[in-house]
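Below: the structure, in structure tokens.
Reminder, nothing fancy here: chain letters follow the sequence lines and each chain counts from 1.
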There are 2 protein chains.
Amino acid sequence: MHKLIKLSRKFASLYTPADKLNHKSLSAADLSYFESILPKSGIIQADLSSHNTDYIGIFKGESTLMLKPTNVEQVQAIIKYCKQERLPICPQGGNTGLVGGSVPVFDEIILNTSQMNNIFDFDENQGIVACQSGTILDALSNYAEERGFVVPLDLGAKGSCFIGGNISTNAGGNRFIRYKSLHETTIGLEVVTGNGDILNTMDYPSRKKAAIDFHHLFIGSEGTLGVITAAKIQLSPKPTSQNVAFLACNNFDDILKILGLARKFLGEILSAFEMMDKQSYNLVSAYIPRFKKPFEKSYGFYVLVETLGINQTHDKEKMEIFIENCMKMCALDGIVCRDLKQMLDLWNIRENCGPAAARAGYCFKFDISTPHALYYKTVEDVREIVGDDGITIGFGHIADCNLHINIAVPKEIAKNVGERVNNFLFEYLQKISGSVSAEHGIGLQKKDKLKYARTSEEIEIMRRIKKAYDPAGILNPYKVLTIK
Amino acid sequence: MHKLIKLSRKFASLYTPADKLNHKSLSAADLSYFESILPKSGIIQADLSSHNTDYIGIFKGESTLMLKPTNVEQVQAIIKYCKQERLPICPQGGNTGLVGGSVPVFDEIILNTSQMNNIFDFDENQGIVACQSGTILDALSNYAEERGFVVPLDLGAKGSCFIGGNISTNAGGNRFIRYKSLHETTIGLEVVTGNGDILNTMDYPSRKKAAIDFHHLFIGSEGTLGVITAAKIQLSPKPTSQNVAFLACNNFDDILKILGLARKFLGEILSAFEMMDKQSYNLVSAYIPRFKKPFEKSYGFYVLVETLGINQTHDKEKMEIFIENCMKMCALDGIVCRDLKQMLDLWNIRENCGPAAARAGYCFKFDISTPHALYYKTVEDVREIVGDDGITIGFGHIADCNLHINIAVPKEIAKNVGERVNNFLFEYLQKISGSVSAEHGIGLQKKDKLKYARTSEEIEIMRRIKKAYDPAGILNPYKVLTIK
């Protein structure tokens, strides 16, 4: 993993000291002000290394001050002051982002929400929870499950990511197909904008709000317009039945046919549909010790299909009818899990595609989306660019068009391969109307790639919105898009 | 119905000639310009009565010109010209809105989208359809159903409402509980803003877009920021199994218990949960000839529960377990439909609550939302204000907190009762964080009630957004909120 980090850093470097914007540097007077509004425990100046470094260790900032407010009034006071003094701020939640969005680039003040973690309201009739933005996803999840509900979001990082960060990046997660996006499930937000205004759309009983629904602007804008301080989330009733199947075929078109059959025969209980190609599968079998072979033979493509429901007998029967039809029409092999252990073994194959690629060499990771018709062609076209210089694997949440391409290459040619793929892929995505970021966000890492994902007209609109909500350009100034 | 209209008009009147904004009046030169960009069939000057009058006949404008563009470029040319000349525009779809949002107030030019009705793209793998905004919901629905999908929206007005209007009002509909809101299912939009800019977020394969998701601003803003010209919609797979049950109890708390049991035992197949009180039921039984009594006895509350799924055997069994548990725990009576005829009979009871109230006297209709805990108390409190002067009924999509209160009163005291309820209800809703409009919009009718539904800070933000997208204030200038 360490080697990967060092290499990626070279490719990721976007800023030199000359790029530093004309913000003020922190002074003793500024510190005095912060001391006047926050308790001592909310002002951290020593040992900021882990807060300056991102989750995967690619990006490292040089902040000398982290503020940890406990309520929205403190956040407002901080932002108002920073706007007036032109002090840049990097909002930070659980710091689990994968694109460098939650760490400073230079000496931005880190505004960390970890002390804002109260779950302060729950409506058991409606299944609606309200909490501060620094609530850890897992804590919210446990809170919901104890009350018979589930949070509509399930991520690998759930043990440390914060709900505010999830909303700020519009995180999708494993069960997007079932529980939908945060645009649907976020009923309301409390936000402090870069202007220092508190916007609050929390105080409503449902998503049905009158007139302009402006809180959606803060979902997915990665802390560039405002700092989310609280959220009201619509939970879903907790399912009581889970089934996992694993199927194999030799042509990608058969994966799409299996998806069609899943929609037809599993319908409303379908909760995950995860494809992987033989290259992904082979890497997992080679590099992951816990790998359990599901089939005797090898195939071109594999898919993991999960259902969540409320009646195990019904769901099992639906799964059997589904598998039967797949075997008749397009699948070459298929199994349904008998127990939790086997379910975990199958999920392990899917979840280890990325980690296996990272063990196989230097690893480039692309989180993109493409239309279904071009989904696997994109993998093949990238594979052609890489050629025999590396191993190119494709896997992902295909029902949502989300595709992960990972490329494992020997160290000595990594830079060359990386440049070739970068030069090829982003323009390619633009041509096929794909997205350079399906769920990780733009952050720092893909900032110069935004132009390939949204039109220049769209980016111009974003700029205008940024100027309206953060006129001094103090919020996450080096991420997503910069205004000067 | 006619009597109702005349009376309501008195209460709805919001503008006098003195309120007319400082826009330009239409000149011969303006007409020449429109003739230069549109074919003859796109310029209508005669017989505009039906386009000047709203669906329920309450509101009537005095426009002398209706333009019917066929494409986005024509819409852009019209808006750019009107911005430059300060000519006001009233965007109009199927003109089925219930709050006067789609008819002119004075002499605004009607921009009618009925000639923009092409369904121009369909992705069968992803179930995504793209169409112009003037597509009739039923036409889109038929198109989808022929291809094995359903549009995630089902409304009484579906035979004449347009998808652009549905999106502009953020329509909820009968199966919101199942298919979610248009914020979730609208993948992208093409819009011409009041600035004359074309914004297009259609060109993506999924909801997962990078950076600021600004198209949500146009969902629910009732044509005050831009005119929607096309939309890309995520369809759902077509269900093959439908069940309807009808239950009775004597306490409102038991309705909430039945809702809890529906979530538990029907889970993912639950598609509608519609409550009505005995006053609603009694009015339907008295005024609707097709009324079929579902039970021998009478009760305090009734609820219609619908499921949609893909396996009739499973769904029927789930419904039976649900009913069994309801009867054991809180329901006093219950039936499950045996055939389509019986299903329609039950839906008729629910769907005729409003029409029955309109036949019982002058009728005031309130489309509000409240927290579950105060849902029926709101009806009781309004009933107390009305007293013996009228019949107050409560029914609605309770799972979404959506409540319809209808009040039928004798003609001679209607004005007095109407004023008493208006003076009471909107401030009451503000205190309990309810909404003055759950799904019909603000439009013209509730414009002076917006202040009770959103905070002054929220309205200030809306004003700023309005100024940014429609600086000349030419789009639907008298609706939702007015900038000068």
| Does any heavy atom of chain A fall under 4.5 Å from the side chain of Ser435(B), the backbone, both, or neither of them? | side chain

| query | Parallel, tilted or perpendicular: which fits the ring planes of Phe252(B) and Tyr376(B), with parallel below 30° and perpendicular above 60°? | reply | parallel

| query | Checking Asp203(A) against chain B: side chain, backbone, both or neither under 4.5 Å from a heavy atom? | reply | both

| Shortest non-hydrogen separation from Thr185(B) to Tyr179(B) and the atoms involved | CG2-O, 3.7 Å

| request: Return the option, out of Thr313(B), Ile219(B), Asp400(B), Ile398(B), with the maximum number of heavy-atom pairs under 4.5 Å with chain A. | output: Asp400(B)

| field | Pair Thr307(A)-Asp315(A), side-chain donor/acceptor within less than 3.5 Å | value | no

| query | Any idea which of Ile212(A), Ile198(A), Asp123(A) has the most non-hydrogen atom pairs under 4.5 angstrom with chain B? | reply | Ile212(A)

| request: Using a cut-off of under 4.5 Å on heavy-atom pairs, state which of Ser433(A), Ser221(A), Gly267(A) scores highest against chain B. | output: Ser433(A)

| said: Given heavy-atom pairs under 4.5 angstrom as the criterion, report whether the side chain, backbone, both or neither of Lys238(A) touches chain B. | reply: neither

| Region of Ile128(A) in contact with chain B, defined by heavy-atom distances below 4.5 Å | neither

| Tell me, side chain or backbone of Tyr469(A) under 4.5 Å from chain B's heavy atoms, or both, or neither? | side chain

| Part of Asn170(B) lying under 4.5 Å from any heavy atom of chain A | side chain

| Proximity breakdown for Phe265(A) and chain B, heavy-atom pairs closer than 4.5 Å | backbone

| query | Asp213(A), Leu259(A), Leu481(A): which one forms the most heavy-atom pairs within less than 4.5 Å of chain B? | reply | Asp213(A)

| Max heavy-atom pair count under 4.5 Å with chain A, selected residue of His314(B), Lys466(B), Glu317(B) | His314(B)

| Side chain, backbone, both or neither: which part of Leu266(B) has an atom under 4.5 Å from a heavy atom of chain A? | backbone

| task | Please work out which of the three classes, parallel, tilted or perpendicular, describes the rings of His440(B) and His404(B), given edges at 30° and 60°. | result | parallel

| message | So which residue, Val436(A), Thr201(A), Thr455(A), Ile321(A), ends up with the most heavy-atom pairs under 4.5 Å with chain B? | response | Thr201(A)

| request: Inspect the surroundings of NZ in Lys449(B) and state if more than 12 heavy atoms from other residues, nucleotides or ligands are less than 6.0 Å away. | output: yes

| remark: Counting heavy-atom pairs under 4.5 angstrom with chain B, the leader among Lys180(A), Lys264(A), Gln234(A) is Lys180(A)

| said: Once you measure the plane-to-plane angle for His183(A) and His216(A), does it fall in the parallel (<30°), tilted (30-60°) or perpendicular (>60°) bin? | reply: parallel

| task | Kindly compute the distance separating CD (Glu222(B)) from CG (Leu475(B)), expressed to the nearest 0.5 Å. | result | 13.0 Å

| query | Between Arg454(A) and Glu458(A), does at least one N-O distance fall below 4.0 Å, as a salt bridge requires? | reply | yes

| field | Asn200(A) versus chain B, the contacting section by heavy-atom distance below 4.5 Å | value | backbone

| Lys447(B) and Thr482(B): side chain donor to acceptor below 3.5 Å | yes

| task | Consider only side-chain N and O atoms of Ser181(B) and Glu184(A), and report whether a donor and an acceptor are under 3.5 Å apart. | result | yes

| query | Do you know which of Ile461(B), Leu374(B), Leu182(B), Leu256(B) has the most heavy-atom pairs under 4.5 Å to chain A? | reply | Ile461(B)

| request: For Tyr204(A) and Lys232(A), work out which heavy atoms get closest and say how close. | output: O-NZ, 2.8 Å

| request: Would you name the heavy atoms of Ser369(B) and Leu429(B) that are closest together and state the gap between them? | output: O-CD2, 4.2 Å

| Which atoms of Pro237(A) approach chain B - backbone, side chain, both or neither, heavy atom under 4.5 Å | side chain

| More than 12 heavy atoms of other residues, nucleotides or ligands under 6.0 Å from CD of Glu124(A): is that the case? | no

| query | At a heavy-atom separation under 4.5 Å, does Gln126(B) approach chain A through its side chain, its backbone, both, or neither? | reply | both

| Any idea which of Glu439(A), His215(A), Glu457(A), Lys318(A) has the most non-hydrogen atom pairs under 4.5 angstrom with chain B? | Lys318(A)

| Atom group of Thr370(A) that falls short of 4.5 Å from chain B, counting heavy atoms | backbone

